[in-house]
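To find a chain, count down the sequence lines: A is the first, B the second, and so on, and within it residues start at 1. Just so it is clear, the values below take in all heavy atoms, side chains as well, and ignore hydrogens, waters and symmetry mates. All figures in this text were calculated on a predicted structure; none of them were measured in a lab.
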Amino acid sequence: METAFDVLLKRGFVEQCTDEEGLRTLFQGKKVAFYIGFDPTAQSLHVGNLLGLMAMMHLKMQGQHPLAILGGGTAMVGDPSGKNEMRDVLTRETISRNKERIKKQLKWYLKPQEGNATIVDNAEWLLKVDLIKFLREIGSCFSVNRMLTMESYKIRLEKGLSFLEFSYQLLQAYDFWQVCQRYGCRVQMGGSDQWGNIVAGIDLIRRKEGAQAYGAVFPILTTSNGQKMGKTARGAVWLSGDILSPYEYYQYWINVDDQDVSRLLKLYTFLPLEEIEKLSLLKGEDIRLAKECLAYEATKITHGPKAAEIAQKTSRALFGQGEDYSKLPSTTINLEEIGKGIPVSSILVMTKLAKSKSEARRLIEQGGFYWEGERLKDKEFIINRSFLKGKSEFLVRCGRKKYCRVVVVEESPEEMSR
RNA sequence: GGGGAGGUGCCAGAGUGGUCAAAUGGGGCGGGCUGUAAACCCGUUGGCGUUGCCUACGAUGGUUCAAAUCCAUCCCUCCCCA
């Protein structure tokens, strides 16, 4: 019989786990609480975190009970795993700001209000911990010798590791023990860099409870030629729409490597495996169709069906047939300003297509700027009223695939709101 | 606490008084080729009012006509010893 765990296995979510048979039996039939932690170290979760969320959603659909730990306590310390440099110690204010945002995201995916999913903040127990008691009860269970041999510390042992970060593993192990007691949770999952921390928790539970706990880790997201995925020019692929618009999110998926499509479809969409198999048979140019499915489904999951549709329409309009790119991110410019004349380089900065005027000039010079589809190579060009020819909306393109809409308005937005 | 080595651009890593906005590689960006793919080739990669100016080589002061380079103090990291 196929268990919920098998679903994850088949879709390629499991890179490594402690006891495959054990997990399979555990997931047979009855509800099992399992947990994944999310530390609020940034303003938003990113596609890497989404992998865990996808796993949680899958298991939830299979009738299991996911438990998300919001790492309000652990974020105070900072996980050194997988990092090759010391982390900045985040201020309490930053953490609590991030926490609010990330909690919203977790709710969006896990929908705890429907039941069968729980979100807890580990600050709840970690902030109350008494140091001496902790060291005696938990610290005594850890062997520094053993910790030092762990892969996750290896880089950092060369580059520097403070005690603060070193102790992170104890906190995560403690977390696991806590949720084991509080929720009867005996399974933890995470990114592959979490292996060490997860195993530490399993050991702690064995020592404290004499109980068997389990762990599984997801593969690291790399492109087929070995580079880390989830990076764009603008940094990580954020899940929050106000940092990365649904359109840009959609584009990220559309632009994925051919060779990664099938794997990503399994991981980042809920499409049935048979369907994915069919899509994987596509060859050459047609692979784009599979990418469209991927992009659409993935965008639907994080931004909703409506946003996904708009993103798809916009994308098609810009790169294929169709005219409706009205939903493309746009920048408004005051007509009065245009009257005075604005250098093109400034327009590029305003539309955020270039970070600075120097960069904008460079880009124009190199022939990477297009105004209404026409290459404009004069970096000193001044946009003025006569150039607009009475139109009030323009499509601006930068490079091969970055677009922005420029809308000319009579008055500045501030004046309009007054 | 003692001794040694270091902190350079997005990253890695040269440079050890002027010729340094800083070699080289990676990454990024732009162009070409294409399928909004990969690979490959070419160009580019601090900012600005761009033949010039400003800000930058851990921080702050100092020496000098001139400092990433010399001196002082401080902060941080690594290694060895305790």
Side-chain angles (χ1 to χ4, degrees), chain A residues 80 82-89 148 153-166 222-237 247-265 279-280 282-296 298-299 311-322 325 328 340-346 348-349 351-370 373 375-382 395-404:
Chain A
K83 301 279 176 303
N84 43 23
E85 233 147 274
M86 193 145 72
R87 269 174 176 274
D88 291 333
V89 179
L148 289 177
Y153 291 118
K154 222 166 196 168
I155 320 161
R156 295 299 303 278
L157 283 175
E158 283 158 27
K159 289 240 173 183
L161 178 66
S162 68
F163 187 75
L164 177 75
E165 291 177 280
F166 186 59
T222 53
T223 62
S224 47
N225 48 31
Q227 287 180 322
K228 247 188 206 159
M229 266 187 63
K231 289 276 180 200
T232 64
R234 310 235 324 259
V237 180
Y247 165 74
E248 289 170 290
Y249 188 76
Y250 182 94
Q251 284 302 307
Y252 169 75
W253 294 107
I254 275 281
N255 284 310
V256 121
D257 274 24
D258 281 11
Q259 294 183 289
D260 298 320
V261 178
S262 156
R263 190 162 51 103
L264 294 174
L265 279 166
L279 288 169
S280 307
L282 294 169
K283 288 272 179 311
E285 237 182 286
D286 293 336
I287 293 175
R288 277 182 311 166
L289 297 171
K291 288 186 188 176
E292 270 205 334
C293 281
L294 172 64
Y296 177 79
T299 309
Q312 182 156 65
K313 265 191 196 150
T314 308
S315 178
R316 280 179 179 165
L318 292 173
F319 294 97
Q321 275 87 45
Y325 48 83
L328 193 71
K340 287 181 232 152
I342 306 176
V344 253
S345 53
S346 302
L348 280 199
V349 175
T351 53
K352 305 233 166 61
L353 290 172
K355 278 189 233 101
S356 65
K357 286 188 193 169
S358 297
E359 188 181 298
R361 286 205 192 88
R362 202 178 297 138
L363 193 127
I364 297 164
E365 213 166 9
Q366 294 181 132
F369 177 68
Y370 305 78
R375 180 175 279 173
L376 205 160
K377 241 186 151 170
D378 177 6
K379 61 177 175 171
E380 307 301 340
F381 194 83
I382 307 279
L395 183 65
V396 167
R397 185 179 126 206
C398 180
R400 274 176 292 184
K401 41 197 173 192
K402 272 178 290 174
Y403 285 89
C404 191

Next on the checklist: Is A/Arg362 close enough to B/G46 that one of its side-chain N or O atoms is under 4.0 Å from OP1 or OP2 there?
Outcome noted: no
Checklist entry - In terms of side-chain heavy atoms of A/Ile254, which of B/A12, B/U36, B/C48 is nearest? => result B/U36
Next on the checklist: Return the pairing partner of B/C48 with a 3.5 Å limit on both distances, Watson-Crick or G-U wobble; otherwise return none.
Outcome noted: B/G52
Checklist entry - Should the ring pair A/Tyr403 and A/Phe319 be called parallel, tilted or perpendicular, given that the plane angle runs from 0 to 90° and is split at 30 and 60? => result perpendicular
Checklist entry - Between A/Ser315 and B/U36, is there a side-chain N or O to OP1/OP2 distance below 4.0 Å? => result no
Item to check | Donor/acceptor link under 3.5 angstrom from A/Gln366 side chain onto base of B/G31 | outcome: no
Item to check | Given B/U36, B/G47, B/A12, the nucleotide with the shortest approach to the side chain of A/Arg288 | outcome: B/U36
Item to check | N or O in side chain of A/Lys357 less than 4.0 angstrom from B/G49 OP1/OP2 | outcome: yes
Checklist entry - Mapping A/Glu292 and A/Glu380 to their closest nucleotides on RNA chain B, which lands nearer the 5' end? => result A/Glu292
Checklist entry - Is there a donor N/O on one and an acceptor N/O on the other, under 3.5 Å, for the side chain of A/Asp286 and the base of B/G35? => result no
Next on the checklist: B/G30, OP1 or OP2 - any side-chain N/O from A/Lys402 closer than 4.0 Å?
Outcome noted: yes
Checklist entry - For B/A37, does OP1 or OP2 lie under 4.0 Å from any side-chain N or O of A/Lys401? => result yes
Checklist entry - Between A/Tyr249 and A/Trp253, what is the ring plane arrangement, given parallel below 30°, perpendicular above 60°, and tilted in between? => result perpendicular
Next on the checklist: With a 4.0 Å cutoff (strictly under), does any side-chain N or O of A/Tyr247 reach OP1 or OP2 of B/U36?
Outcome noted: no
Next on the checklist: The side chain of A/Arg400 is closest to which nucleotide in this list: B/U34, B/C48, B/A38?
Outcome noted: B/U34
Checklist outcome for this item: Regarding the side chain of A/Arg375, the nearest nucleotide among B/A37, B/G32, B/G49 is B/G32
